[in-house]
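These notes are about the structure you will find just below.
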Amino acid sequence: VLWLSSTGNRADFHFYTIYFQRQSLDGLQVGGDVTMRGIKVGRVEDYEIVADNINRVEVTVRVDRNAPVSQNTTAIVQR
């Protein structure tokens, strides 16, 4: 899992791109909740299979700017 940070155009959110390669993404959907420790902090904005590596999926999430996301934060998808 790799996190790449970029600031969104709205001051209240940050947008992150997450790459999943070995995890099942069954149940992932645009508009789905992003949670930390069970608390909603954002939503899934978009996802797509990476063209040059069909085993890799790029997921874009919008997260509240106050959410404690750090360099070692990891992402998982739960059904």
Side-chain angles (χ1 to χ4, degrees):
V1 177
L2 172 67
W3 287 85
L4 298 176
S5 172
S6 64
T7 303
N9 52 0
R10 294 183 210 120
D12 294 340
F13 301 101
H14 291 274
F15 290 82
Y16 296 92
T17 301
I18 309 164
Y19 291 96
F20 291 93
Q21 192 155 313
R22 293 186 172 95
Q23 183 177 356
S24 170
L25 300 181
D26 186 32
L28 181 73
Q29 60 185 6
V30 172
D33 291 346
V34 173
T35 62
M36 294 182 87
R37 316 245 341 133
I39 299 168
K40 182 178 176 181
V41 295
R43 71 177 188 198
V44 176
E45 290 290 307
D46 192 27
Y47 61 89
E48 65 182 334
I49 296 172
V50 176
D52 63 348
N53 183 350
I54 63 168
N55 294 315
R56 196 172 194 198
V57 177
E58 179 182 289
V59 179
T60 304
V61 295
R62 182 183 84 175
V63 177
D64 183 285
R65 69 180 171 93
N66 295 320
V69 177
S70 62
Q71 289 287 340
N72 64 349
T73 300
T74 58
I76 60 170
V77 175
Q78 290 183 313
R79 290 185 250 176

* Structure fact -> Between Arg43 and Gly31, the two heavy atoms sitting closest are CB-O, 4.2 Å

* Structure fact -> To the nearest 0.5 Å, atom CZ of Arg62 lies from atom CG of Asp12 at 9.0 Å

* Does Asp64 reach the main-chain N or O of Asn66 with its side chain, forming a donor-acceptor pair under 3.5 Å? -> yes

* **Val44, Asp46, Val30 screened by side-chain contact (heavy atoms from CB on, under 4.5 Å) with Val59, the one that passes** => Val44

* Asked: Does the side chain of Arg65 come within less than 4.5 Å of Phe13's, by heavy atoms?
  -> no

* Asked: Hey, what do you get for CD (Glu45) to OG1 (Thr17), rounding to the nearest 0.5 Å?
  -> 11.0 Å

* To do: Would you indicate whether the side-chain heavy atoms of Leu25 and Tyr47 approach each other to under 4.5 Å?
  => no

* Hey, quick one: are Ile54 and Ile18 part of the same hydrophobic cluster, counting side-chain heavy atoms closer than 4.5 Å, chains of contacts allowed? -> yes

* Asked: If you round to the nearest 0.5 Å, how far is CD of Gln21 from CZ of Arg56?
  -> 6.0 Å

* Asked: So, for Val77 and Ser24, which heavy atoms are closest and what is the spacing to 0.1 Å?
  -> CB-O, 4.2 Å

